[in-house]
Number of protein chains: 2
Amino acid sequence: MIPELSPISMPRVPVEVLRARCSTCSMHQLCLPMGLDVGDMDKLDQIIGRRRRVLRGATLFRIGDPFVNLYAIRLGHFKTYQINPGGEEQITGFQMAGELLGMDAISADRHHCNAVALEDSDVCEIPFSSLEQLLGEMPTLLRHFHRMMSQEITREQSVMLLLGNMQATQRFAAFIVNLASRYEARGYSGVKFQLRMSREEIGNYLGLTIESISRLLSKFKKEGWLRVSNREIEILNPVMLKAITAGTGDACA
Amino acid sequence: MIPELSPISMPRVPVEVLRARCSTCSMHQLCLPMGLDVGDMDKLDQIIGRRRRVLRGATLFRIGDPFVNLYAIRLGHFKTYQINPGGEEQITGFQMAGELLGMDAISADRHHCNAVALEDSDVCEIPFSSLEQLLGEMPTLLRHFHRMMSQEITREQSVMLLLGNMQATQRFAAFIVNLASRYEARGYSGVKFQLRMSREEIGNYLGLTIESISRLLSKFKKEGWLRVSNREIEILNPVMLKAITAGTGDACA
DNA sequence: CGAGCAATTGAGTACACTCAACGCGCGTGG
DNA sequence: CCACGCGCGTTGAGTGTACTCAATTGCTCG
């Protein structure tokens, strides 16, 4: 079994179905509780706030900002990171279209991390107070929301496993496998995709240096497991990558 | 600022007040929403299930168990850990009296980690389906529950920061400082306390080996920052420990 | 075309790991 | 009562993986 790094993995639902069901916020996770009837879906639709464009490199929210909205990513990619007292950042996750941002802010009514767009992106604002009110009226939505928060907890536990237990090669393989599975779950190719983040950001996330990431990419290329061209990735040997991720791959050497 | 590792830090409320307000489950976090009126508190009280004793080394729940209850720790300490594909464990947290276990299980209706008592402990079972129903009726409780889940997310992010960014010395200092602050917040001494976990468990949690932990303890002792006797810890230089945790301490060498 | 940034590659180093021996406390059994 | 074994923790010596520092290449964009 592959350690599930995937933030809030998404059930496989055809995109068209989602679009049809949720006009303003199609494709993001809050719209997935399939038990919702049309009326409920409308109510959910109505509280969704304005759409907002976030340009590459721009900050969606930062540490200490008052917590007002959750954000559903409609399009694009984000990174979230914390700042340690020394001023260095630690990336805590990469989020893609369909995922939800800001759940860590509920606890203290302030954001606990920074969220920055890795490319030009679109988000929907979801006013949390409205959402919470709605949750009280719609048990199905409530259940779903709890699932999503719980999945975020689970995802982070997997990252702890990665950072606490794995060697560099294994970490990197796990990272690639995780990205692939998330793209696949979203209807994109799980074999060929673009890295939206820099080598430095990958290294930061995985607790490694940029040089290590570079060497790992070279190695994976040389071994014939990956085709790499700048940020374009093609997985040539998924079985091997999964084996390494699982710690089974003796080829970790 | 000290990286907040504390799982679900607890507001400072005198224990007696809590006991007075919540008969069966006094002292755990679910009983803390101070906005609850007496009637609501009674309702919450009524859904709390049976108490259960978990002996040292015994398992409260394990990976794959169907998710039925959350558990409020009334007394004692637990560890939660994941198992990687190679069969090794990675400890994801240490929990003490007043904290809540099992929130990672909501997402998939199965537990995602194992929970084992570090000493003879008491827990309250909280049937999640009853709780969720109640959440729909009690906005204050709903809010509080979301805060708790969010705090768990925040806590794990801090551990990611620790594992991804910090050196051994800093990790260990952060660990001690975190424990101290949690004990203090609970009304115990934040200066002198007992480690409930073995060196091996600390090392596992911090992504270090047992030997490294042992050496760090010796070093901290030699430097005069800690008094150490087996599992008994006394903090002699809290300022220095906090400085190291913050990365300010040049004495990291 | 050139400036500037991102990524690669190489050489040397250091921090934490591995392996191994030893000490200590404690419970058990002779 | 002491001897012994066992688990847990400490300490030392040597090693290796990933880091640091540095030089070079390649890409992007003005």
Side-chain angles (χ1 to χ4, degrees), chain A residues 55-57 79 86 88 90-91 118-120 162-176 194-223 226-233 244 247 249-253, chain B residues 56-57 79 86 88 90-91 118-119 162-176 194-223 226-233 244 247 249-253:
Chain A
L55 295 181
R56 175 195 167 96
K79 65 172 175 180
E88 304 154 291
Q90 166 69 35
I91 294 174
L118 294 174
E119 59 187 326
D120 294 357
L162 180 145
L163 291 173
N165 250 333
M166 296 183 183
Q167 306 269 55
T169 310
Q170 205 180 350
R171 290 187 199 188
F172 184 70
F175 174 71
I176 295 293
Q194 252 215 349
L195 297 174
R196 297 326 210 283
M197 63 297 285
S198 68
R199 308 287 195 262
E200 184 164 20
E201 286 164 332
I202 298 172
N204 181 305
Y205 178 63
L206 297 178
L208 300 170
T209 58
I210 180 175
E211 293 95 331
S212 293
I213 300 300
S214 193
R215 283 183 241 275
L216 285 165
L217 272 165
S218 300
K219 178 184 171 183
F220 279 39
K221 194 153 84 174
K222 201 184 71 195
E223 299 279 357
L226 285 183
R227 187 191 311 277
V228 183
S229 170
N230 297 321
R231 295 194 174 184
E232 194 70 33
I233 292 283
I244 294 170
D250 39 16
C252 283
Chain B
R56 176 195 165 95
K79 65 172 174 181
E88 306 156 288
Q90 166 70 36
I91 294 173
L118 294 174
E119 60 187 326
L162 180 144
L163 291 174
N165 250 332
M166 297 184 182
Q167 305 270 53
T169 310
Q170 205 179 350
R171 291 187 198 188
F172 185 70
F175 174 72
I176 295 294
Q194 252 214 349
L195 297 174
R196 298 326 211 280
M197 64 296 286
S198 68
R199 306 288 195 261
E200 184 165 17
E201 286 164 332
I202 297 172
N204 181 305
Y205 178 62
L206 297 178
L208 301 170
T209 58
I210 179 174
E211 292 96 332
S212 293
I213 300 301
S214 192
R215 282 184 242 274
L216 285 165
L217 272 165
S218 300
K219 178 184 170 184
F220 280 39
K221 194 154 85 174
K222 202 183 70 194
E223 299 280 357
L226 284 184
R227 188 190 309 278
V228 183
S229 171
N230 297 318
R231 297 195 173 183
E232 195 71 33
I233 292 283
I244 294 170
D250 40 15
C252 282

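Since we're looking at a predicted model, the values are computed, not measured. Numbers restart at 1 for each chain; the letters A, B, ... are given by sequence-line order, proteins then strands.
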Evaluate side-chain contact (heavy atoms from CB on, under 4.5 Å) for K79(A) paired with N204(A), printing each intermediate quantity in order. CA-CA 11 Å; K79(A) 65 172 175 180; N204(A) 181 305; over 6 Å; no
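- One end of the helix from dC1(C)-dG30(D) to dG30(C)-dC1(D) points its axis 30° away from the other end's axis, with each axis taken from 5 pairs and the angle rounded to 10°.
- Atom CD in E232(A) sits about 16 Å away from atom C1' in dA7(C), given to the nearest Å.
- With hydrogens and angles disregarded, no donor-acceptor distance shorter than 3.5 Å links the side chain of D120(A) to the backbone of L55(A).
- One atom, CG of N204(A), and another, C1' of dA18(D), lie 16 Å apart when rounded to the nearest Å.
- A donor-acceptor contact shorter than 3.5 Å links the side chain of E201(A) to the backbone of S198(A).
- A sub-4.0 Å separation between OP1 or OP2 of dC15(C) and a side-chain N or O of Q167(B) is absent.
- Although no hydrogens or angles enter the test, the distance criterion places a donor-acceptor pair under 3.5 Å between the side chain of S218(B) and the main chain of S214(B).
- The two atoms that bring Q90(B) and Y205(B) nearest to each other are NE2-O, 3.7 Å, heavy atoms only.
- Taken to the nearest 0.5 Å, the CD atom of E232(A) stands 5.0 Å off from the CD atom of Q194(A).
- Near-neighbour residues of DNA chain C inside residues 206-215 of chain B, defined by a heavy atom below 4.0 Å, number-ordered: G207(B), L208(B), T209(B), E211(B), S212(B), R215(B).
- When heavy atoms are screened at a 4.0 angstrom cut-off, N230(B) is found touching no nucleic acid atom at all.
- Using a 4.0 Å cut-off, some side-chain N or O of R231(B) falls inside it from OP1 or OP2 of dG9(D).
- Formation of a donor-acceptor pair under 3.5 Å by the R196(A) side chain with backbone atoms of L118(A) is not found in this model.
- As a whole-Å value, the separation of M197(A) CE from dA7(C) P is 12 Å.
- As rounded to whole Å, 13 Å separates atom P of dT17(D) from atom CG of L216(A).
- Atoms CG (L226(B)) and P (dT10(D)) sit 12 Å apart, rounded to a whole Å.
- Look at CD on E88(A): it is 13 Å from P on dC19(D), rounded to the nearest Å.
- Taking atom NZ of residue K222(B) and atom P of nucleotide dG12(D), one finds them 10 Å apart after rounding to whole Å.
- Taking atom CZ on F172(B) and atom C1' on dC15(C), their separation rounds to 17 Å, with Å as the unit.
- For the residue pair F172(B) and L206(B), the shortest heavy atom distance occurs at CA-CD1, 3.9 Å.
- Remark: side-chain polar atoms of R171(A) are paired, donor with acceptor, to backbone N or O of M166(A) under 3.5 angstrom.
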